[in-house]
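These notes concern the structure reproduced below.
In what follows, chains carry the letters A, B, and so on, assigned in the order in which the sequence lines appear, proteins first and then strands, with residues in each chain numbered from 1.
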Amino acid sequence: MTIRNFRERVYDVVRRIPAGSVLAYGDVAAAAGSPRAARQVGYALAALDEGGRDKEGLDVPWQRVIRTTGHIAFQGDVVRGPLQRRMLEDEGVEFEDDRVPMKRFRWQPDLEDLG
DNA sequence: TCCATGACTCCGC
DNA sequence: CGCGGAGCCATGG
């Protein structure tokens with residue numbers, strides 16, 4: 001990782017996740033070039049504005065990033081929790097017992113997309 | 001430069 | 001399975 005900072009790379013990766021698929025924070029961190037920086041991915045997404053846009057005003061589909069367990073990030077948050085779940089369901093992502101079956105919805109990024 | 005922060009994970013029990 | 005604790009490390013002050 002060099003020129004572009006970690007956050008920008010995170011946003012680029014998240015933008016590549018197709019609707020109907022999800023990625024874990026750790027997956028995004030690895031794709032962004034820092035496998036152990038899962039927490040920083042969350043921090044990067046927290047820096048987005050209310051509309052899910054980055055500093056440049058570009059939209060970032062933050063709802064497609066969830067925990068590796070399949071749980072959405074905002075368990076306990078009565079506002080953002082249900083919001084994220086609804087946004088995902090609108091894209092076709094299904095839930096079983098309050099969690100996404102990662103086996104079926106976890107996106108497998110193409111190596112060529114990471115350049 | 002040092003230090004606190006935190007939308008996370010892995011591991012042991 | 002669930003829980004608690006210890007790593008991890010990019011930011012910003």
Side-chain angles (χ1 to χ4, degrees):
Chain A
M1 127 170 88
T2 51
I3 315 298
R4 305 170 71 73
N5 62 37
F6 184 70
R7 282 189 180 179
E8 293 178 274
R9 294 163 62 84
V10 164
Y11 298 149
D12 285 342
V13 171
V14 175
R15 273 192 279 266
R16 289 197 182 87
I17 306 174
S21 293
V22 298
L23 226 45
Y25 292 90
D27 297 334
V28 176
S34 191
R36 314 302 169 118
R39 300 189 72 179
Q40 285 55 233
V41 170
Y43 189 52
L45 296 185
L48 295 171
D49 66 22
E50 292 180 17
R53 284 178 293 272
D54 62 19
K55 190 168 57 176
E56 298 172 29
L58 298 174
D59 199 68
V60 179
W62 58 271
Q63 74 275 19
R64 295 173 195 159
V65 184
I66 63 179
R67 296 184 193 166
T68 194
T69 58
H71 283 111
I72 54 181
F74 306 103
Q75 291 286 310
D77 185 318
V78 296
V79 178
R80 290 179 292 182
L83 171 65
Q84 181 173 20
R85 174 169 178 155
R86 180 155 47 73
M87 291 179 82
L88 287 174
E89 292 182 316
D90 285 345
E91 301 181 344
V93 175
E94 298 166 30
F95 283 74
E96 293 177 5
D97 295 318
D98 287 324
R99 77 169 64 180
V100 176
M102 296 303 275
K103 292 287 187 180
R104 296 165 52 200
F105 298 99
R106 189 178 219 149
W107 181 50
Q108 310 287 320
D110 296 319
L111 297 180
E112 56 188 298
D113 288 340
L114 305 180

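In DNA chain C, stems built from 3 or more consecutive Watson-Crick or G-U wobble pairs, each with both distances under 3.5 Å, span B:2-6 with C:9-13, B:8-13 with C:2-7.
Judged as a salt bridge (charged side-chain N to carboxylate O under 4.0 Å, His left out), and not counting sequence neighbours, the contacts of Asp12(A) are Arg4(A), Arg15(A). Shown here are the salt bridge (charged side-chain N to carboxylate O under 4.0 Å, His left out) partners of Arg67(A), two or more places apart in sequence or in another chain: there are none. With sequence neighbours excluded, the residues that form a salt bridge (charged side-chain N to carboxylate O under 4.0 Å, His left out) with Arg106(A) are Asp27(A). Residues satisfying the side-chain contact (heavy atoms from CB on, under 4.5 Å) criterion with Glu91(A), sequence neighbours excluded, are Ala19(A), Gln63(A), Arg64(A), Leu88(A).
Rounded to whole angstrom, the span from the CZ atom of Phe6(A) across to the P atom of dC8(C) amounts to 16 Å.
When each of Arg99(A) and Ala37(A) is assigned the nucleotide of DNA chain C bearing its nearest heavy atom, the one mapping closer to the 5' terminus is Arg99(A).
Within the structure, a side-chain polar atom (N or O) of Ser34(A) is placed less than 4.0 Å from OP1 or OP2 of dA10(C). Note on Arg7(A): every side-chain N or O is 4.0 Å or more away from OP1 and OP2 of dC9(C).
From Ser21(A), atom OG reaches atom CZ of Arg104(A) across 11.5 Å, with rounding to the nearest 0.5 Å.
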Given protein heavy atoms under 4.0 Å, the one-letter contact record of nucleotides 6-13 of chain B, with B base, S sugar-phosphate only and - none, is simply BBBSS---
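Within 6.0 Å of CG on Asp49(A) lie more than 12 heavy atoms contributed by other residues, nucleotides or ligands.
For the pair Gln84(A) and Trp62(A), the minimum side-chain heavy-atom distance is below 4.5 Å.
Formation of a donor-acceptor pair under 3.5 Å by the Tyr11(A) side chain with backbone atoms of Ala44(A) is found in this model.
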